[in-house]
Amino acid sequence: MSSVNENFEPKILVFACNWCTYAGADLAGLSRLQYPPNVRILRVPCSGRVNPQFVLRAFQRGIDGVLVCGCHPGDCHYTSGNYYTRRRYLLMKRMLEFMGTDPERFQTRWISGSEGPKFQEVITEATGIIKAIGPNRKMRDDLTIQAAFAQRDAEEEEGEAK
Amino acid sequence: MNPIAQEMQNIAKELLTSGEVTAVIGWEKGTFWYQSTPVMITSAEEADKLIWDEFCQPNLSKYLLDYRLNEGKVAIFVKGCDARAFNRLLQDNQIERQKAYLIGIPCPGMKDHKQAALVEESAKDSVPLAKVCQSCRYPNPVVYDRLIGSEVTPRATEPDFSDVMALEAMTPDERYAFWQEQHTKCIRCYACRNACPACNCRNCIFSDSKSGWISKDVNTSENQFYAITRATHVAGRCVECGQCEMVCPSNIPIMLMNKKYIKDINDLFGKYDAGIDIDTPTPLGHYKLDDPEEFM
């Protein structure tokens, strides 16, 4: 098991708002700041665009961690988008934990356009944490299908044995 | 016949004969003794169908959506939770206040029809109250045009989150196993959505397979996706009528998820009960500058 974890490269999905976090990521690149290549950045017009269903779908399709990032409160390009996001994800984070996902796998951060180093830091930290806890096996649709097949096979075998 | 049912029938007759309303929504006796199903009546002769017993749990307010395009007024009987559901639909601009005539009935609590289905009619009295009714805080209608009977004392003053807290106390893996077991049972009949007075989208993302949000496979992952999304869509708008759980053919504890959201909303954004008054904005429909900060 430990050898699997050592070679494990997590897939992390980052929702980055166009006006702040995406610019922050751009700055990190321009400043030649190194960060792990495990992230997939998805640009959204505003962090308010990040429908909770996107997060669930990401976990279903095999993402190991999700980061939702946007402008700091007061800096939203659309005045209030990030305040709604904040309310929504305070609840969503708790619901995900209530459903049994690991709390580390879903994180939320404010990263402004001038915070290239913060972007680097957040990505490095998140990758480290998710690498340490290993691949996500919860909520994944391929795994639940596999489990259903395994159960059916076991039941059939049991039937034959009888 | 009990006096409340008698009065319901009299009022229905009076309203339909005078032409004040074009239809009356109430309950009639269903196929089984433990079922009272919604009924829509349009003539005074049909008023005899109306009943009031301990199984009148269906929330009638949702049926007003079928009368959205009706030109006349519709009369509807409301218990505490139906009245909250009515306010909820009003706040969502789904219905118009002046097109409904509300007849309030203070509710003594409804019996659990799933438990009742397991026993004979003679054992009727031993059937417990439905789970949501046991901790009901609003048995009296919060809005009505006319009231039948006298107000009753609520069974509880504070919301009961003990089942939510019991689950919160488990480890993530235990919780995951619990929900996996529950959602494996789901057959995705969408009865919980159809019965819910907070689910009032004209086009539900789950009805349209082209939306791509849900596939036709019935597997636990998709069931869970449906369950979480459904709970999220009604977050801050759930009136705790428990219809979702009552209609679920697989006995999934759906109210647990709704109550989790209610509990978190209370903790994070201040106490809020959906459908009590229509002027307070919904928790997810507004924000405050000093909301708790967890984004770092």
Side-chain angles (χ1 to χ4, degrees), chain A residues 47-48 51-57 59-61 67-74 80-105 107-111 118 121-122 125 133 137-149 151, chain B residues 164 167-168 170-180 182-184 205-206 211-215 217-229 231-233 235-236 256-265 267-269 282-296:
Chain A
S47 55
N51 188 328
Q53 286 152 231
F54 296 174
V55 179
L56 294 172
R57 181 50 48 98
F59 283 127
Q60 274 191 306
R61 296 287 193 265
L67 273 165
V68 175
C69 306
C71 308
H72 286 269
S80 59
N82 55 357
Y83 287 114
Y84 287 106
T85 311
R86 180 162 71 183
R87 282 214 159 188
R88 198 181 306 150
Y89 281 99
L90 279 167
L91 290 175
M92 191 60 189
K93 188 166 170 52
R94 283 165 174 74
M95 180 46 88
L96 282 171
E97 288 170 27
F98 190 65
M99 299 310 289
T101 58
D102 310 302
E104 301 86 354
R105 296 202 191 271
Q107 290 176 29
T108 47
R109 291 283 185 279
W110 303 129
I111 300 172
K118 183 174 174 186
E121 198 183 295
V122 165
E125 191 198 331
I133 59 172
R137 303 207 168 277
K138 288 174 180 171
M139 289 181 146
R140 279 179 59 171
D141 55 0
D142 52 346
L143 293 181
T144 56
I145 294 167
Q146 277 171 25
F149 280 137
Q151 197 192 345
Chain B
V164 177
L167 206 60
E168 281 174 342
M170 294 182 187
T171 65
D173 288 346
E174 283 168 352
R175 275 199 298 270
Y176 187 69
F178 170 83
W179 284 113
Q180 282 297 99
Q182 298 301 332
H183 291 137
T184 306
I205 60 157
F206 295 116
S211 74
W213 275 116
I214 202 125
S215 73
D217 323 350
V218 180
N219 67 55
T220 314
S221 170
E222 293 278 57
N223 294 350
Q224 195 159 32
F225 178 86
Y226 166 68
I228 302 176
T229 307
T232 310
H233 285 185
L256 255 183
M257 297 176 79
N258 295 340
K259 275 162 86 179
K260 169 67 181 166
Y261 269 131
I262 295 170
K263 179 172 180 278
D264 287 342
I265 287 168
D267 292 349
L268 291 162
F269 314 128
T282 54
L284 288 169
H286 79 298
Y287 62 88
K288 283 188 186 136
L289 296 179
D290 59 350
D291 278 335
E293 183 63 277
E294 281 177 13
F295 283 55
M296 286 173 281

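Hydrogens, waters and symmetry mates play no part in the numbers below; they use all other heavy atoms, side chains included.
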S.K.: With no hydrogens and no angle check, is any side-chain donor or acceptor of T220(B) less than 3.5 Å from a backbone partner on Q180(B)?
M.R.: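 No; judged by distance alone, with no hydrogens or angles, the pair does not exist.
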S.K.: Show, in sequence, the C-alpha distance, side-chain angles and deciding distance for Q224(B) and W179(B), and conclude whether the side chain to side chain contact (heavy atoms under 4.5 Å, CB included) test is met.
M.R.: CA-CA 8 Å; Q224(B) 195 159 32; W179(B) 284 113; 4.0 Å; yes
S.K.: For N219(B) and E222(B), indicate whether the former's side chain and the latter's backbone hold a donor-acceptor pair under 3.5 Å.
M.R.: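 Side chain of N219(B) to backbone of E222(B): a pair is present.
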S.K.: Mind ranking T171(B), I228(B), T229(B) by heavy-atom pairs under 4.5 Å with chain A and telling me who comes out on top?
M.R.: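 Option with the top pair count is I228(B).
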S.K.: Given that the side chain runs from C-beta out, which part of I205(B) has a heavy atom under 4.5 Å from chain A: side chain, backbone, both or neither?
M.R.: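 Answer is side chain: those atoms of I205(B) sit under 4.5 Å from chain A.
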S.K.: Please check if the side chain of R57(A) supplies one atom and the backbone of W213(B) the other of a donor-acceptor pair under 3.5 Å.
M.R.: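 Yes; at least one donor-acceptor contact below 3.5 Å.
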S.K.: Identify which of D267(B), D264(B), L167(B) forms the greatest number of heavy-atom pairs closer than 4.5 Å to chain A.
M.R.: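 Ranked by contacts with chain A, first place is D264(B).
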S.K.: Taking E97(A), Q107(A), H72(A), R94(A) one by one, which has the highest count of heavy-atom pairs under 4.5 Å against chain B?
M.R.: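 The option with the most such pairs is R94(A).
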S.K.: Could you tell me which portion of M257(B) (side chain, backbone, both or neither) has an atom closer than 4.5 angstrom to a non-hydrogen atom of chain A?
M.R.: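 Its backbone and side chain both get close to chain A.
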S.K.: Indicate yes or no for a side-chain donor-acceptor contact from R109(A) to the backbone of C69(A) under 3.5 Å, with no hydrogens or angles considered.
M.R.: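 Absent.
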S.K.: Does a donor on one side chain and an acceptor on the other come within less than 3.5 Å for S221(B) and Q60(A)?
M.R.: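 Side-chain D/A pair, S221(B) to Q60(A): present.
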S.K.: Looking at P52(A), is its backbone amide N or carbonyl O close enough to the side chain of R88(A) to form a donor-acceptor pair, meaning the two atoms are under 3.5 Å apart?
M.R.: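 Judged by distance alone, no pair lies under 3.5 Å.
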S.K.: Side chain, backbone, both or neither: which part of L284(B) has a non-hydrogen atom closer than 4.5 Å to chain A?
M.R.: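 Contact with chain A is through both the backbone and side chain of L284(B).
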S.K.: Let's test your reading of the structure: which of N82(A), L56(A), N51(A) forms the most heavy-atom pairs below 4.5 Å with chain B?
M.R.: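 With the most close heavy-atom pairs to chain B, the winner is L56(A).
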S.K.: Give, as side chain, backbone, both or neither, the part of F59(A) having an atom under 4.5 angstrom from any heavy atom of chain B.
M.R.: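 It is neither, since no heavy atom gets under 4.5 Å.
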S.K.: Side chain, backbone, both or neither: which part of S80(A) has an atom under 4.5 Å from a heavy atom of chain B?
M.R.: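 The answer is both parts of S80(A).
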S.K.: What residue in K288(B), H183(B), R175(B) has the most heavy-atom pairs under 4.5 Å with chain A?
M.R.: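 Among K288(B), H183(B), R175(B), the one with the most close pairs to chain A is R175(B).
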S.K.: With a 3.5 Å distance limit and no angle check, can you tell me whether Y83(A) reaches the backbone of G74(A) through a side-chain donor-acceptor pair?
M.R.: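 Yes, the answer is positive, given that a donor and an acceptor are paired below the 3.5 Å cut-off.
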S.K.: What part of H286(B) lies closer than 4.5 angstrom to a heavy atom of chain A: side chain, backbone, both or neither?
M.R.: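 The answer is both parts of H286(B).
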